[in-house]
Number of protein chains: 2
Amino acid sequence: MAPKRTTVRDLRRQNRSTLLSTLFFDGPLSRYELSRRSGLSAATVSNVTGELVDDGLVVEAGSVDSDGGRPRVLLRVNPAFGHVVGVDVGETGIKVELFDLSLTQLAAFDRPLSPSSPTAVASLIAAAVRDVVDSAGVPASTVLGVGIGVPGTVEQGTTAVVHAPTIGWDGVRLEELVASASESAWPLYVENGAKTQGQAEMWFGAGRGARHVVIALIGSGVGAAVVTDGGVYRGATSSAGEWGHTTIVYGGRPCRCGALGCLEAYVGAEGILDRYRKARGRELAAGDEQSTVAALIDSASRSKTAARVLEETAGYLGAGIANLVNLFNPERIVLGGWAGLALGSHQLDRIVAATRAHALRHPYEQISIELGRLGPDAVAVGAATLPVAALLDRAADPRKPAPRVDIA
Amino acid sequence: MAPKRTTVRDLRRQNRSTLLSTLFFDGPLSRYELSRRSGLSAATVSNVTGELVDDGLVVEAGSVDSDGGRPRVLLRVNPAFGHVVGVDVGETGIKVELFDLSLTQLAAFDRPLSPSSPTAVASLIAAAVRDVVDSAGVPASTVLGVGIGVPGTVEQGTTAVVHAPTIGWDGVRLEELVASASESAWPLYVENGAKTQGQAEMWFGAGRGARHVVIALIGSGVGAAVVTDGGVYRGATSSAGEWGHTTIVYGGRPCRCGALGCLEAYVGAEGILDRYRKARGRELAAGDEQSTVAALIDSASRSKTAARVLEETAGYLGAGIANLVNLFNPERIVLGGWAGLALGSHQLDRIVAATRAHALRHPYEQISIELGRLGPDAVAVGAATLPVAALLDRAADPRKPAPRVDIA
DNA sequence: GACCTTAGTTTGCGACTTAAAATTAGCCTA
DNA sequence: TAGGCTAATTTTAAGTCGCAAACTAAGGTC
């Protein structure tokens, strides 16, 4: 069912999509340059871009004068063509952000979230989306879609089914709930937050330009977004990339997922702190996880115990990364998530060394390990990316509104 | 560079490829049925298949009478259109097999292989290929290509570079060596043996019909072929799927790759035997690995130690499989390789239970775990599959001989 | 102001798929 | 043995598409 190119019109759609995507990611570009990059003839580029301009998707953006000869007119995606909303459903609150097509933020709302029923959360989302759109004074009709990142696995079927144990969701059809809670019929895209954050790193962060990347995300939980051949890898039911619950110490520490020896139990924030607690033999000062980890890292220069725990953490993490390297053979590893960034900026050498020790030589030699550039607030941008990807993918074909499209 | 559909001719090529592949995998089929499956109009199917018949790629194969009305004429790929050769370079010998286009074996040669230089092996391969083609009386010109499966990682670049520590190869450009050792200019396709074996399971074995599969191969070494979206996953430099050197016991048993705690050190044949040896506290009876493992499994009903070692093996293996499930979210796991089949047929329940214990619930619920159906001799068929895949992929476009194509 | 250079457009054509009409190719009935 | 009927292919007549080549636009140089 997948490779069903058939009519000659699909060709056009494909070329529209290619040109639009090129403009989006590498724009502004002249028609001439587009022709060079896409391999399409100048005639076709002219023809297709003309259509895109007529449709309002693309606008001219000044010109660059050549030394002798007609100056090139630059084209770029029209940021005002439409708007997208990104929602980050976190464990303690939701963030809703409105963007224009160039993913420039126009408005943002934060709402605290006390543990409540999925239906209540859905209503909250629907209301917040409506509010953020209204507050920015954006006409509802220009909203192209709403992307929602959630903290759990999302099975993509006819409708997305969310399993998020940390907030007590099991088999929640979030898409349907939000749709029925909101009066607007904006297309909804529900996706795992790690995947949306990964997509954000790919589009705007440390993943740019690469086609095979693993974005490792470490916070309270541990996850990964695996990008293969330029697209987020989903697997059969879209729950791929559950790196955190990969066994790294057979029979080791119990994990909150119920299994023993998961990577998350060693390098997740809670796992690190708990190991430190045990090593010191007494409780830590109270405080939220994030600042406690920061304090731990800070104390490493003074406390031998802290230093050792962090050293061990780097070892486990390196082994975990090496597993990704051996299995996926990426060209780049991006280390993200708040704890990942904290660990990475103080221990990167050690992490890299541990990775080298555990990975096979040849796949190891392909990779570079980098820190993420976006931070955990990228979940919302990443979610907003989903409707944009859908737009680029179907090239906003005016003839076929395409209710639902997988992102690229 | 990937999604470059441009001209209207690519469309035709694509449709040729689709129809030819459908006939190859699901044939024989009538034009009518082809039209139904491909979504192409009857006119186009008629047109394209006519071309394929003219080119000799497809032949009519009887007809099926309908109840009143013109009977459907069945079409199938012409097995005699060409021939392909599959080579299995093992650690102790090479197998060379000749097939027709339907992958029916026409001739086979085995050659023992004493450790020798890559150049010598290349000459041996070239000579054996020539011999097998001659012995079957097949005209050299009908040989469409030669696939070579090797026991090590293969970096696919402009030319394949082989790293096979077990036979002492490091950075061997096998393709070039074989090409210069043989007088025929048949296209060569070099690939990791685990991947070719996996491809064979996908085409003819336990993987049929699924799109996301992991074929786990356990013998002396441990590897995996990961199939995502119907195609063998390669990663950035084609060395993905090195499951055996994934860390499963951080700081555990030393592995021959130099790292500690690799899965292979626990569930590879040598790892199993060594653990048994240590558990018994004395040496085992001499014998080759394969029969020793068989004896160990056989003795499990009498020896508590043997039973315990196997039980532990199932545990490690289950955890390893669970890692694949969590990371790749496949719909099917195929357990293969001689040791994998041996373990699987005596311990499948235990392995499945251990997998369930370590995998997340939702991805776990998607999978079925099955035994491979082909055995390790499938490496050669799998290798022969490579030139066939190339043929199907470019649909044997008469205008463009396509020197080198990635397999589907 | 004549002439060159480069960017973008038009025009004419060959290739492609499709829907609809026309043609087979068997089977059945009288 | 001739109609008649049904259903699979083929043919025919559009309608699209991308491309090469010819052409126009816009800016320099001398």
Side-chain angles (χ1 to χ4, degrees), chain A residues 3-20 22-23 27-54 58-76 395 397-400, chain B residues 3-19 23 28-54 58-75 395 397-400:
Chain A
K4 208 203 251 174
R5 293 262 142 278
T6 47
T7 106
V8 77
R9 265 158 118 147
D10 293 318
L11 204 52
R12 170 69 107 180
R13 201 161 11 247
Q14 171 75 45
N15 285 336
R16 257 178 87 106
S17 172
T18 304
L19 292 184
L20 189 61
T22 308
L23 280 179
L29 294 170
S30 67
R31 293 174 175 80
Y32 178 80
E33 179 67 12
L34 272 177
S35 156
R36 226 181 45 73
R37 294 197 187 201
S38 64
L40 292 167
S41 72
T44 300
V45 169
S46 191
N47 186 339
V48 174
T49 53
E51 222 177 272
L52 291 170
V53 169
D54 286 350
V58 165
V59 290
E60 302 202 336
S63 63
V64 52
D65 41 318
S66 60
D67 29 35
R70 178 174 176 171
R72 310 177 179 187
V73 175
L74 296 177
L75 299 174
R76 66 187 166 85
D397 190 322
R399 282 162 295 225
K400 191 185 168 191
Chain B
K4 209 202 251 174
R5 292 266 142 276
T6 45
T7 104
V8 77
R9 259 156 122 150
D10 294 317
L11 203 54
R12 168 69 114 189
R13 208 168 359 256
Q14 171 76 43
N15 284 337
R16 257 179 86 107
S17 172
T18 305
L19 292 183
L23 279 179
L29 294 170
S30 67
R31 292 175 176 81
Y32 178 79
E33 179 67 11
L34 273 177
S35 156
R36 225 181 45 73
R37 294 197 189 204
S38 64
L40 291 168
S41 71
T44 300
V45 170
S46 190
N47 186 340
V48 174
T49 54
E51 219 177 273
L52 290 171
V53 169
D54 286 349
V58 165
V59 290
E60 301 202 336
S63 63
V64 51
D65 42 317
S66 59
D67 29 35
R70 179 174 178 170
R72 309 174 179 188
V73 175
L74 295 177
L75 299 173
D397 191 321
R399 283 160 295 221
K400 188 182 167 192

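In this text, all values refer to a predicted model and were calculated from it rather than measured experimentally. Any value given below was found using the heavy atoms of this structure, including those in side chains, with hydrogens, waters and symmetry copies removed. A, B, ... follow the sequence lines: proteins, then strands. Residue 1 opens every chain.
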Handout entry: Donor-acceptor pair, side chain of B:Asp10 and main chain of B:Thr6, under 3.5 angstrom
Key = yes
Practice task
Say whether, by atom type as modelled, one donor and one acceptor occur between the side chain of A:Asn15 and the main chain of A:Arg12 under 3.5 angstrom.
Solution key: no
Rounded to whole Å, how long is the line connecting atom [atom1] of [X] with atom [atom2] of [N]?
| X | N | atom1 | atom2 | value |
| --- | --- | --- | --- | --- |
| A:Leu19 | D:dC17 | CG | C1' | 14 Å |
| A:Glu60 | C:dA7 | CD | P | 15 Å |
| A:Glu51 | D:dG18 | CD | C1' | 13 Å |
| B:Leu11 | D:dC17 | CG | P | 12 Å |
| A:Arg31 | C:dT6 | CZ | C1' | 15 Å |
| A:Leu75 | C:dG8 | CG | C1' | 11 Å |
| A:Arg72 | C:dT5 | CZ | C1' | 12 Å |
| A:Leu34 | C:dT6 | CG | P | 20 Å |

Counting only side-chain nitrogens and oxygens, does [X] get under 4.0 Å of the OP1 or OP2 atom of [N]?
| X | N | result |
| --- | --- | --- |
| B:Arg12 | C:dA15 | no |
| B:Thr44 | C:dT18 | yes |
| B:Ser41 | C:dT18 | yes |
| A:Asn15 | D:dG18 | yes |

Fill in the blank from the handout: Residues at least two apart in sequence or cross-chain that pass side-chain contact (heavy atoms from CB on, under 4.5 Å) with A:Thr22, listed by chain then number, are A:Thr18, A:Asp26, A:Leu29, A:Leu34, A:Arg37
Exercise for the section: Could you list the residues that satisfy side-chain contact (heavy atoms from CB on, under 4.5 Å) with B:Ser30, not counting sequence neighbours? Expected result: B:Tyr32, B:Glu33, B:Arg72, B:Leu74
Handout entry: Sugar-phosphate, base or nothing in reach of B:Val73, heavy atoms under 4.0 Å
Key = sugar-phosphate
Handout entry: Closest heavy-atom pair and its distance - A:Ser35, A:Ala42
Key = OG-N, 3.8 Å
Fill in the blank from the handout: Taken in chain and number order and not counting sequence neighbours, the residues that satisfy salt bridge (charged side-chain N to carboxylate O under 4.0 Å, His left out) with B:Arg31 are B:Glu60
Handout entry: CG on A:Leu52 to CG on A:Leu23, rounded to 0.5 Å
Key = 7.5 Å
Exercise for the section: Consider the side chain of A:Thr7, meaning its heavy atoms from C-beta on, and name the nucleotide among C:dT17, C:dC16, D:dG18 that approaches it most closely. Expected result: C:dT17
Please list, pair by pair, any protein nitrogen or oxygen found under 3.5 Å from a nitrogen or oxygen in nucleotides 20-25 of chain C.
{"unit_1": "C:dT24", "atom_1": "O2", "unit_2": "B:Arg70", "atom_2": "NH1", "d": "3.3"}

Practice task
Taking the side chain as every heavy atom from C-beta outward, state whether A:Thr49 and A:Val58 have any pair of such atoms under 4.5 Å apart.
Solution key: no
Problem - Runs of at least three Watson-Crick or G-U pairs with DNA chain D, cut-off 3.5 Å - result: C:1-30 with D:1-30
Practice task
Can you sort out the partners of B:Thr44 under side-chain hydrogen bond (donor to acceptor under 3.5 Å, both in side chains), two or more places apart, ordered by chain and number?
Solution key: B:Ser41
